[in-house]
Amino acid sequence: MLNAAAAERNKEPILAVLRASVNTERYLQALEISSGTGQHVTHFAQALPNIIWQPSEYDQQSMASIEAYRAHYQLRNVKPVIHLDASLPYQYWGGIQPQSLDLVVNINMIHISPFACTEGLFKGAGAVLKPQGLLLTYGPYAVNGHITPQSNIDFDYSLRQRNPEWGLRDISLLSAISQKHGLFMEKIIDMPANNKCLLFRKESLV
């Protein structure tokens with residue numbers, strides 16, 4: 001059971017956004033893309049028992065950690081983890097069917113992955129979400145070409161030094177990509193530690 005300090009800090013603030021953004025009284029189907037250690041999905045599943053969670057990961061060590069959390073907490077509303085490469089079409093996402101999900105959650109992936117993963121995330125979410133379904137992304141972002149504060153500027157620089165394909169993405173760019181795939185940005189929520197939650201809603205076919 002790997003433990004990420006950032007996940008421990010942000011799991012409760014993100015849960016508060018989920019509570020305010022989805023009807024937790026209903027039975028819902030959710031996919032977490034890039035579940036990391038498994039701390040988020042098990043925290044959300046304990047707090048929101050009406051949501052069936054599908055964790056996913058690209059990294060094998062993280063997949064093992066997610067399964068360790070599942071075994072420890074014995075949660076009936078968390079499915080076995082699936083291997084998922086967000087840069088690939090949704091047809092490679094472990095058998096998830098089109099328009100089968102109410103919620104897709106993606107925490108701290110967009111800035112620590114190649115841009116193809118971001119494009120794949122929005123394209124795939126546009127396919128697998130039901131009409132009016134929600135995509136929630138969380139992390140640090142650039143706003144209209146600017147990164148603030150200095151700590152986020154330094155973080156962006158360090159990411160790009162590690163991998164030129166990484167770095168903070170601009171919210172306006174993400175909004176434009178989402179619209180290409182039938183999603184629209186509904187809300188930007190400021191979060192602790194200079195992060196944001198971005199909420200994208202799948203448009204209804206009317």
Side-chain angles (χ1 to χ4, degrees), residues 7 10-36 38-58 66 69-70 73 75-86 88-110 117-139 171 174-175 177-189 191 195-206:
N10 64 35
K11 66 185 185 182
E12 195 59 35
I14 297 170
L15 174 61
V17 174
L18 285 172
R19 286 190 196 278
S21 305
V22 298
N23 182 356
T24 56
E25 302 297 308
R26 289 176 50 227
Y27 284 97
L28 304 176
Q29 299 286 333
L31 166 67
E32 185 182 23
I33 295 178
S34 187
S35 296
Q39 287 161 264
H40 286 125
V41 74
T42 48
H43 185 69
F44 301 158
Q46 288 173 89
L48 306 171
N50 287 349
I51 302 181
I52 306 296
W53 290 90
Q54 173 63 74
S56 71
E57 245 303 332
Y58 180 76
I66 294 160
Y69 273 91
R70 280 186 69 242
Y73 287 105
L75 294 164
R76 284 187 287 185
N77 59 329
V78 181
K79 296 179 180 180
V81 66
I82 56 172
H83 184 264
L84 192 151
D85 182 342
L88 295 178
Y90 80 90
Q91 289 91 339
Y92 296 93
W93 289 10
I96 294 171
Q97 297 300 301
Q99 298 197 30
S100 65
L101 301 176
D102 303 282
L103 175 65
V104 175
V105 174
N106 183 244
I107 299 168
N108 281 337
M109 180 202 83
I110 288 175
C117 293
T118 296
E119 292 179 304
L121 167 70
F122 284 100
K123 185 176 183 180
V128 299
L129 282 170
K130 300 173 184 176
Q132 291 299 300
L134 184 72
L135 167 63
L136 180 154
T137 73
Y138 169 92
I171 289 175
L174 301 181
S175 179
I177 295 170
S178 75
Q179 289 173 27
K180 277 175 38 183
H181 302 295
L183 303 162
F184 67 94
M185 184 179 286
E186 187 173 79
K187 197 177 287 186
I188 301 170
I189 302 170
M191 302 292 283
N195 292 296
K196 296 180 190 297
C197 272
L198 310 182
L199 304 182
F200 301 89
R201 186 75 62 178
K202 183 170 178 179
E203 297 183 87
S204 299
L205 299 173
V206 289

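Nothing here was measured: the structure is a model prediction, and the numbers come from that model. Residues take their numbers from the sequence shown, with the count starting at 1. Side chains are part of it too, since the values below use all heavy atoms of this structure and drop only hydrogens, waters and symmetry mates.
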* Asked: Is it the case that more than 12 heavy atoms not belonging to Tyr27 sit under 6.0 Å from its OH atom?
  ->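 No, not enclosed.
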
* Asked: Can you tell me if NZ on Lys187 sees more than 12 non-hydrogen neighbours from other groups inside 6.0 Å?
  ->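 Counting other residues, nucleotides and ligands, NZ of Lys187 stays at 12 neighbours or fewer.
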
Decide yes or no for [X] and [Y]: does some side-chain heavy atom of the first lie under 4.5 Å from some side-chain heavy atom of the second?
X      : Y      : value
Leu134 : Ser21  : yes
Val41  : Tyr69  : no
Thr24  : Asn50  : no
Leu103 : Leu28  : no
Lys180 : Phe122 : no
Leu18  : Ile51  : no
Val78  : Tyr73  : no
Leu199 : Val17  : yes

Side-chain ([X]) to main-chain ([Y]) donor-acceptor, under 3.5 angstrom:
X      : Y      : answer
Arg70  : Lys79  : yes
Glu186 : Leu198 : no
Arg201 : Gln132 : yes
Lys11  : His43  : no
Trp93  : Ile82  : no
Gln97  : Gly95  : yes

* To do: Could you tell me how the ring of Phe44 sits relative to the ring of Trp53: parallel (under 30°), tilted (30 to 60°) or perpendicular (over 60°)?
  =>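 Judged by the thresholds at 30° and 60°, the geometry between Phe44 and Trp53 is tilted.
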
* **All side-chain hydrogen bond (donor to acceptor under 3.5 Å, both in side chains) counterparts of Tyr138, not counting sequence neighbours** =>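 Listed in chain order: Asn195.
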
* Measure the CD-CD distance between Glu57 and Glu32 for me, rounded to the nearest 0.5 Å. =>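 Here the rounded value is 8.5 Å.
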
* Asked: Sequence neighbours excluded, which residues qualify as side-chain contact (heavy atoms from CB on, under 4.5 Å) partners of Pro89?
  ->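 Counting only residues at least two positions away or on another chain, Pro89 forms a side-chain contact (heavy atoms from CB on, under 4.5 Å) with Gln91, Tyr92.
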
